[in-house]
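Just so it is clear, the model here is predicted, and its values are computed rather than measured. All residue numbers in this chain count up from 1 along the given sequence.
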Amino acid sequence: MTKTFCKLLILLACISCSKEDNTSDTTTTQKMYFPPLTGNTWETTSISDLKWNQNAVQPLLDYLELKNSKSFIILVNGRIVLENYFNDHSATKLWYWASAGKTLTATVTGIAQQEGLLNINNKVSQYLGTGWTSETLAKENLITCKHLLTMTSGLDDSTDDVEPADLIYKADAGTRWAYHNVYVKLQDVVEAASGQDWSDYFNAKLRDKIGMNGTWVQIDVNSVYTSNTRSMARFGLLMLNKGKWDNNTILNEAYFNEATTTSQNINLGYGYLWWLNGKANYHLPQSQLTFQGSVIPTAPNDMFMALGKNDQKIYVIPSKKMVVIRMGDAADDENLALSDFDKVLWEKINALYQ
């Protein structure tokens, strides 16, 4: 009796494993695809090829349109599964990334470091000179490039202005996490270290190497990237592949790993300007509160994210070899990065493959 029961358990376990493996094979073992750097060619794969639920597609698209979306893309293994445009938007129209573009700055900073132009552990004043803040020299010299990457500069976050008079001491660098526009000074650091204009360096080292389009636009104190939706998807695909585009290393894997894991012990849900899902707790912009649990509890725990004002989204999910892009107006009221929209959207996405 006992032997029979044990055999039954083993058989059930094997069946279960076989089923999980088959599901995994559908989405994760296909060779990764990279679209050509020029032209509009981009391979696709279908909902039926992936053995996903076709009945879940329309509710997802209806929700996206209802929530003021302009575009939406899902990639699996680099291939387009869904690509949809709403509200008079199109594949050729540009839209702003908002703070989702912070991750572009983090990536190019890493590229400059791997070229030996800078070291993120060096103080910012080594590149910009002293007096770039209104802090005392001793306190200013505590701020490294890494502090800008991790939102732990210690500067007062009550304003987004980045002139020296507006960069005021709040705490010692490294002791306080606060979402602040001062990260944009990393673009000045890269300019100083490379001797090139930020846009020129960005285009040569990142944009053109993965076939993106788009430009940087200065809006008040913000440096905002604008592009078509597929360009955002190209960047997501690069990051899904740990900084590699096909066989070319754009960003080294060591820096990629640092950027997409917890970067300090205050906000566990934050890397180098990337948001991280699945951590024990997290902080949000304009708050010093600690929230327990995952940033988006309905989404995969291994997901890392670029989140921008009015619900600009890049979701990268390594376990599913998936990239999800959303551009548009605010889903509900205007917001800075995270909203209830993320939670419901992921319920709709989950329905595709569960």
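No donor-acceptor distance shorter than 3.5 angstrom exists from the side chain of N222 to the backbone of V224, with no hydrogens or angles considered. The closest donor-acceptor contact from the side chain of D161 to the backbone of E163 lies at 3.5 Å or more, if one exists at all. A donor-acceptor pair is defined here as one N or O able to donate and one able to accept, closer than 3.5 Å; such a pair exists between the side chain of N267 and the backbone of G269. A distance-only check finds a donor-acceptor pair linking the side chain of R234 to the backbone of I210 [under 3.5 Å]. The backbone N or O of G328 lies less than 3.5 Å from a partner atom in the side chain of W95, making a donor-acceptor pair. Between the side chain of S287 and the backbone N or O of L284, no donor-acceptor pair lies under 3.5 Å. Judged by distance alone, the side chain of H147 and the main-chain N or O of T144 form a donor-acceptor pair under 3.5 Å. Remark: the backbone N or O of G174 is not paired with any side-chain donor or acceptor of Q264 at under 3.5 angstrom. Under the 3.5 Å distance criterion, the side-chain polar atoms of N228 are left unmatched by any main-chain donor or acceptor of G214. Judged by distance alone, the side chain of N141 and the main-chain N or O of K123 form no donor-acceptor pair under 3.5 Å.
Side chain to side chain, S71 and T229 meet the donor-acceptor criterion of an N or O pair below 3.5 Å. Looking at Y33 and T45, their side chains never bring a donor and an acceptor atom within 3.5 Å of each other. Using modelled atom types and a 3.5 Å distance limit, the side chains of N310 and Y96 yield a donor-acceptor pair. Looking only at atom types and distance, the side chain of T298 has no donor-acceptor partner in the side chain of E347 under 3.5 Å away.
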Full working for side chain to side chain contact (heavy atoms under 4.5 Å, CB included) between Y225 and Q312: CA-CA 12 Å; Y225 199 66; Q312 319 312 320; over 6 Å; no

For W216 and Q187: C-alpha separation, side-chain torsions, deciding distance, then whether side chain to side chain contact (heavy atoms under 4.5 Å, CB included) applies. CA-CA 11 Å; W216 290 93; Q187 297 180 7; 3.7 Å; yes

When you look at Y201 and E115, which way does the side-chain hydrogen bond (donor to acceptor under 3.5 Å, both in side chains) test go after all the steps? CA-CA 12 Å; Y201 188 82; E115 292 192 330; 2.6 Å; yes

With side chain to side chain contact (heavy atoms under 4.5 Å, CB included) as the test, would you mind laying out the steps for M322 and I74 before giving the verdict? CA-CA 7 Å; M322 184 189 295; I74 293 181; 4.1 Å; yes

Assess the residue pair L148 and T109 against the criterion (side chain to side chain contact (heavy atoms under 4.5 Å, CB included)); give the C-alpha distance rounded to whole Å, side-chain angles, the decisive distance to 0.1 Å, and a yes or no. CA-CA 11 Å; L148 301 188; T109 300; over 6 Å; no

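Just one of V190, I111, I250, T107 meets the side-chain contact (heavy atoms from CB on, under 4.5 Å) condition when paired with K205; it is I111. When the options K242, Q114, Q113 are evaluated for a side-chain contact (heavy atoms from CB on, under 4.5 Å) with Y255, the one that passes is Q113. For the salt bridge (charged side-chain N to carboxylate O under 4.0 Å, His left out) with K67, the lone residue among D311, D332, D62 that qualifies is D332.
Under the 4.5 Å side-chain heavy-atom criterion for ILVMFWY residues, no single connected hydrophobic cluster contains both M151 and I168. In this structure, V162 is not a member of the same hydrophobic cluster as L142, with clusters built from ILVMFWY side-chain heavy atoms closer than 4.5 Å. Residue V324 is not grouped with residue L66 when hydrophobic side chains (ILVMFWY) are merged at heavy-atom distances under 4.5 angstrom, including chains of intermediate members. Residues Y169 and L137 fall into different hydrophobic clusters, defined by Ile, Leu, Val, Met, Phe, Trp and Tyr side chains chained together at heavy-atom separations under 4.5 Å.
With salt bridges taken as basic N to acidic carboxylate O contacts below 4.0 Å, one links R176 and D157. Classification of K343 and D340 as a salt-bridged pair fails, no side-chain N sitting under 4.0 Å from a carboxylate O. At a threshold of 4.0 Å, the pair D342-K313 counts as salt-bridged, since one of the basic side-chain nitrogens sits closer than that to a carboxylate oxygen. Note on K244 versus E253: salt bridge recorded, some NZ/NE/NH1/NH2 to OD/OE distance being below 4.0 Å.
A heavy-atom distance below 4.5 Å is not found between the side chains of K209 and N248. For the pair Y272/T150, a side-chain contact is recorded, criterion being any heavy-atom separation below 4.5 Å from C-beta on. W42 is not listed as a side-chain neighbour of T44, based on a closest heavy-atom distance of 4.5 Å or more. Side-chain contact check for L345 versus L64: some heavy-atom pair is nearer than 4.5 Å. For the pair I120 and E258, the minimum side-chain heavy-atom distance is below 4.5 Å. For the pair P300 and W346, the minimum side-chain heavy-atom distance is below 4.5 Å. With contacts defined as side-chain heavy-atom distances shorter than 4.5 Å, the pair T261/F304 does not qualify. T105 has its side chain out of reach of V184: every pair of non-hydrogen atoms, C-beta onward, lies at least 4.5 Å apart.
Note that the CZ atom of R79 and the NZ atom of K31 stand 9.0 Å from one another [nearest 0.5 Å]. Summarising the geometry, atom CG belonging to L276 is positioned 5.5 Å from atom OG1 belonging to T262; distances are rounded to the nearest 0.5 Å. Taken from CH2 in W177 to CG in N265, the straight-line distance is 13.5 Å, to the nearest 0.5 Å. Considering CG of L94 and OG1 of T215, their distance stands at 7.0 Å, rounded to 0.5 Å. Atom CH2 of W132 is separated from atom CD1 of I143 by 4.0 Å, given to the nearest 0.5 angstrom. Remark: D220 CG to N181 CG distance equals 10.0 Å, nearest 0.5 Å.
The two residues N40 and R230 come nearest to each other via the heavy atoms O-NH1, 3.0 Å. Nearest heavy atoms, A331 versus N68: O-ND2, 3.4 Å. Residues L268 and A280 come closest through the heavy atom pair CD1-CB, 4.2 Å. Between T159 and H180, the closest heavy-atom pair is O-NE2, 3.4 Å. Considering every non-hydrogen atom in both L206 and F235, the closest pair reads CD2-CE1, 4.3 Å. The minimum heavy-atom distance linking Y270 with K102 is given by the pair OH-CD, 4.4 Å.
Using cut-offs of 30° and 60° on the angle between ring planes, the pair Y63 and F341 is parallel.
Atom CG of N121 is surrounded by more than 12 heavy atoms from other residues, nucleotides or ligands within 6.0 Å.
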